Amino acid sequence: MIKTYAEINKKIESGKAVVLTAEEVIDYVDKRGLEAAAKEVDVVTTATFGPMCSSGCFLNFGHSTPKMRISEAWINDVSAYCGVAAVDVYMGATQLRHNDPANMYHPGEFRYGGGHVIEDLVAGKKLQLFGLSYGTDDYPRREIRTLFDIHDLNQAIMVNPRNCYQNYNVAINASDKRIYTYLGILKARMRNMTYCSAGQLSPLLNDPFYETIGVGTSIWLAGARGMVYAQGTQHSSLVERGDNGVPVEGSGTLALTANMKEMLPEFVRGTSFKGYGVSLALGVGIPIPILNPEILRRTTVRDREIIACVIDYSVDYPEKTGKILARYNYEQLRSGEVDLNGKKVPVTSLSSYNKALKICELLKAEIKAGSFLLSEPSQRLPLNQGMKPLNITGPVR
Amino acid sequence: MITKKIYLYFPKSETEKPIVYRLVKEFDLIVNIFRAKVTPEEEGYLSLEVTGTEENIDRAFAFLGGFDVVIQAGNKSVRWDEGRCAQCGACVVHCPTGALSIVDRATRTIAFCEDNCVECLACVAACPFGACSSAF
């Protein structure tokens, strides 16, 4: 039995598509059996909501009178990259605000940065642009200071080089003092652990070999219709996998884009990690077409079948020793407490299962209503690709 | 005997007055201060719990009303903004009293129980989304 994208889209358009969330599909297949369910189910919705560095956006301001070729720009005092074109800039999610003391008084607070600028833009708030230029014959203006909001921009396109990490580390701190990381605050002597994955709801954990999610896949990015435009940076598919093919560490990634003018503020949120920096939390929903029973079987993956590795972020992570302290499945992690060497250790998440579940439902509703069609990828993501380290090779004379 | 939580704001004109002393001395109240920040000649904030008879507490509130003090009964100076909370749960392990907790395991819904909060502010540092904040 093989369904095609065209057949599934036809059913979606006629409002007859059977759509389940990645959570619902587990029990459904248990009850109906794989073969029968594969005939019935057309789409499974997957989602994730969590901090995703390697996000940002291209903004086009339009031209002032007289014209200006902006060479340096700050939005709400956060620097944007201007080496693109006269009035095109790129705002990165992890950019700090000008004069932020960072970790000079450790741990820094990092209350506002690129991620918050992006949040404020989507929320429709007025922001301040300050720009400088050296002036040219055709672009004589040398300074600009003005208020704007997202409606004043010609384009506000989110372009995220790396989102939707397929699985990730669980962080712990074995040292004698508290550490501050992008996975949150880790208490000394292994007194807490944090993880960041939507587990059984997460897109690439439901399609571990990238059979349906590829370059060109239509996605739901914070409520806007977006797409996967490339493999994500650090995409590394050649990793250790469980018997079910699901990676046990960070592996595949996706590069995503969508129009920010169509986004919902609830799913675009600047984040501040004490002692680390700023980032952006994003909601992503990806539909998986049930083309055959094998694809369906992979979407029935449960939290208890997805394994993650505990890494010591005080030494082993920064020094890349490769040491793994323990392995747990997401059912254990999500329970809020795990047993490590006979000691109970509390576990919390940076990724919001609650919001991911909500996104699965929102995307399901759009597909059922016939307003979200699936698209066949034009390219598959690389399957046998590793990740290179950065070797320091000394100065060039 | 009843216990009430109050949060007081003292403008510049009232910061030199020994108000808590008089709550104890004249109204026979047991005072448990969570947090205080008083800068002479500027302003002050005080978050506390008072225990006493209902009558004495009412009289004490009337007494406080005689000053230029803003009284917010029951409203602690630590706020959890439900709208800003992304329900990730990063705060839960840092909250020593369980005031912030997961109330629904299936959907991972977080809730804040004000009565259990001792205003240690650990959540303010732990929350990446800025959902927890302090009035001072």
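Reminder, nothing fancy here: chain letters follow the sequence lines and each chain counts from 1. As the structure is a prediction and not an experimental result, all values here were calculated from the model.
Using a 4.5 Å cut-off between heavy atoms, A/Phe110 makes no contact with chain B at all. At a 4.5 Å heavy-atom cutoff, A/Glu266 makes no contact with chain B through either its backbone or its side chain. Heavy atoms closer than 4.5 Å to chain B are found in both the backbone and the side chain of A/Arg334. Both the backbone and the side chain of A/Leu350 come within less than 4.5 Å of a heavy atom in chain B. At a 4.5 Å heavy-atom cutoff, A/Tyr182 makes no contact with chain B through either its backbone or its side chain. Contacts between A/Ser335 and chain B at a heavy-atom distance below 4.5 Å involve the backbone alone (N, CA, C, O). Only the side chain of A/Lys187 comes within contact range of chain B, with at least one heavy atom under 4.5 Å from a heavy atom of that chain.
Checked by atom type and distance alone, the side chain of A/Arg269 pairs as donor or acceptor with a backbone atom of B/Arg84 at under 3.5 Å.
Relative ring orientation between A/Tyr313 and A/Tyr317 is described as parallel, the plane-to-plane angle staying below 30° on a 0-90° scale split at 30° and 60°. Ring planes of A/Tyr330 and A/Tyr195: perpendicular class, angle over 60° (limits at 30 and 60°). Classified by interplanar angle (parallel below 30°, tilted 30° to 60°, perpendicular above 60°), the ring pair B/Phe27/B/Phe63 is tilted.
Contact tally against chain A (heavy-atom pairs below 4.5 Å) for B/Cys127, B/Ala86, B/Ala106: the top residue is B/Ala86. Among A/Cys196, A/Ser351, A/Ser279, the residue with the largest count of heavy-atom pairs under 4.5 Å with chain B is A/Ser351.
Ion pairing between B/Lys5 and B/Glu114 fails under the 4.0 Å rule for side-chain N and carboxylate O.
B/Arg35 and B/Ser134 share a side-chain donor-acceptor pair at under 3.5 Å. No side-chain N or O of A/Tyr353 forms a donor-acceptor pair with one of A/Asp303 less than 3.5 Å apart.
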